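Both counts, for ligands and for their atoms, begin at 1 and track the order of listing. Since the model is a prediction, treat every value here as computed from it, not as a measurement. No hydrogens, no waters, no symmetry mates; every other heavy atom, side chains included, goes into these values.
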Amino acid sequence: MADQTYDYDVLVIGSGPGGYVAAIRAAQLGLKTACAESRETLGGTCLNVGCIPSKAMLHASEYFDAAANGAMEKMGVKVKPTLDLDAMHGQRLDAVNGLTGGIEFLFKKNKVTWLKGHASFEDSHKVKVGDETVTAKDIIIATGSSVTPLPNVEIDNDKHVIVDSTGALELPKVPKHMVVIGGGVIGLELGSVWRRLGAKVTCIEFLDQILPGMDGDVRKEAAKIFKKQGIEIRTGTKVTSAKATKTKATLTLEPAKGGDEETLEADCVLVSIGRKPNTDGLALDKAGLETNDRGQIEIDHEFRTKVDGIWAIGDVVPGPMLAHKAEDEGIACAENIAGQTGIVNHDVIPSVVYTWPEIAGVGLTEEAAKEAGHEVKTGKFPMMANSRAKTNHEPDGFVKVIADAGTDRVLGVWCIASVAGTMIAQAAQAMEFGATSEDIAYTCHAHPTHSEAVKEAAMAVQGKPIHM
Ligand code: FAD
Ligand code: NAI
């Protein structure tokens, strides 16, 4: 039963993986729930222009690459691929339409009201959505994030020359030369897509290494693999400007630590230097809220903001900007609102880069573990020595298990492997239950699977892997 004073028990602002999941859980718990969304379709960045369409392009381009680069021929399958980019985009759009429509179905099934339009606060319990004003006892801000702009580099997705991730998902033809600004997740995933389809790709990274935040060994090995695939990686370099004509862009670069300028030409530039929380136009001040110096809304462990009845989750709050983190926060936040105890263990959030091979990790890097004061033992097992990876002609990568030297408790697991994104789930689950490396080493793993490499890396922590 809704509290009679308000139109809704819960109003969620934003229908990304944080917002739509929170709305469904709140409704499942018997709360009268609405979700405001300014986009035409539900699902947020993730379903519309993020996780899903990027994976559709990565998956399809992986097939093309395997056929074009001789990987299939090696296995006795002779094919000469030709690219039908329109059809590739078509299957991307099918995936997006199917899944965003699926959320609409789930809203109807769970009786979540979809309020269409941009939401802004009138006060801490009153929100204007489009032309309508609604009140709610509890409000969850799940407005997500958008691209961080780069000074002197103007993004115009319609012209296809200087684009962000949304533009890079929709290019109507394969660029001859794509320059990716930022060697992070988006740059490497979408750079990989267009490299596989025939573009020369140059990646410009400000720091000394790509993939900040990942384990040092992984960063080093990943750079080697991408270079072998033909992506030119220039670290320690910054882009100071990019000027576009109708068909090409001229970039000005300089060493990150200062030095001589140079120019570089490209027919497509992807700006992927990070994302920033969406709070513009929300009128947070009318609700008594503000953002921190990183533009995020601060919350406590239970996702409460400093204003009673207002909660926040997902990309708009501190923490990694990941869909599964947003989803889990959505569930926990709704459960807290309903008087239950919703918890997210932020120490065990896996992250995956969906390149070929995939790159994944959970928990602490070796560097972070040492910095936190742990004496560590590590075990590493190469995919080359894993029977399934070897048989499948997927020799690149390794699994690394980091354990506390005293207690043997697993602190982090990092891997590069064709199916690293799937393998990392078992590491996350083991860590969630406080596993030691010995626990993983003595768990029976099916043979032949890539996951046996996780077991062997755990055995290597004890210095006793079998196949190495
Ligand atoms: P969002 O998904 O950003 O959703 C917020 C929604 O709120 C949006 O639909 C927006 O329109 C709406 N909104 C904002 N302000 C208002 C307002 N005032 N009124 C009404 N509606 C509003 N993460 C992964 O875990 N795995 C991946 O593989 C992955 N791939 C990605 C690929 C790309 C190219 C990009 C850009 C991101 C990717 N991410 C991935 C990150 C992931 O998309 C985000 O972490 C996730 O979508 C965050 O969820 P959210 O619910 O916080 O916000
Ligand atoms: P990112 O933070 O992953 O990488 C940005 C990179 O750009 C960093 O390496 C940074 O050092 C570099 N950089 C910053 N300024 C620069 C400059 N001026 N010149 C050159 N390099 C510069 O950000 P990205 O790739 O834009 O992704 C944004 C977010 O989206 C990430 O936080 C990620 O969590 C999420 N995402 C997740 C995916 C996944 O889980 N597979 C896929 C895509 C995005």
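Salt bridge E254/K238: present, at least one basic N to carboxylate O contact under 4.0 Å. Taking 4.0 Å as the cut-off between side-chain N and carboxylate O, D396 and K224 do not count as a salt-bridged pair. For the pair D123 and K286, the salt-bridge criterion is not met [side-chain N within less than 4.0 Å of a carboxylate O]. Salt-bridge check for K55 with E62: failed, with every basic side-chain N at 4.0 Å or more from each acidic carboxylate O.
Sorted by chain then number, the residues whose non-hydrogen atoms approach ligand 1 to under 4.0 Å are I13, G14, S15, G16, P17, G18, G19, A36, E37, S38, R39, G44, T45, C46, V49, G50, C51, S54, K55, G117, H118, A119, A142, T143, G144, S145, S165, I186, R275, L282, G314, D315, M321, L322, A323, H324, A326, Y354.
Between G130 and K128 the shortest heavy-atom distance is O-NZ, 3.4 Å.
Atom CG of residue L211 and atom CD1 of residue I359 lie 5.0 Å apart, to the nearest 0.5 angstrom.
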Note every protein N or O atom lying under 3.5 Å from an N or O atom of ligand 2, pairing the names and giving the distance.
from	atom 1	to	atom 2	distance (Å)
ligand 2	3 (O)	V185	N	3.2
ligand 2	9 (O)	E205	OE1	2.5
ligand 2	9 (O)	E205	OE2	3.3
ligand 2	11 (O)	E205	OE2	2.6
ligand 2	21 (N)	F206	N	3.2
ligand 2	23 (O)	G274	N	3.4
ligand 2	25 (O)	V185	N	3.3
ligand 2	25 (O)	I186	N	2.9
ligand 2	26 (O)	G274	N	2.9
ligand 2	34 (O)	M321	O	2.9
ligand 2	40 (O)	V352	O	3.4
ligand 2	41 (N)	E189	OE2	2.8
ligand 2	41 (N)	V352	O	2.7

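Across V127, I139, T33, L115, a single residue satisfies side-chain contact (heavy atoms from CB on, under 4.5 Å) together with Y8, and that is L115.
Side-chain atoms of N48 come within 3.5 Å of backbone atoms of L42 as a donor-acceptor pair (strictly under, hydrogens ignored).
Residues D315 and S145 have side chains that bring a donor and an acceptor to within less than 3.5 angstrom of each other.
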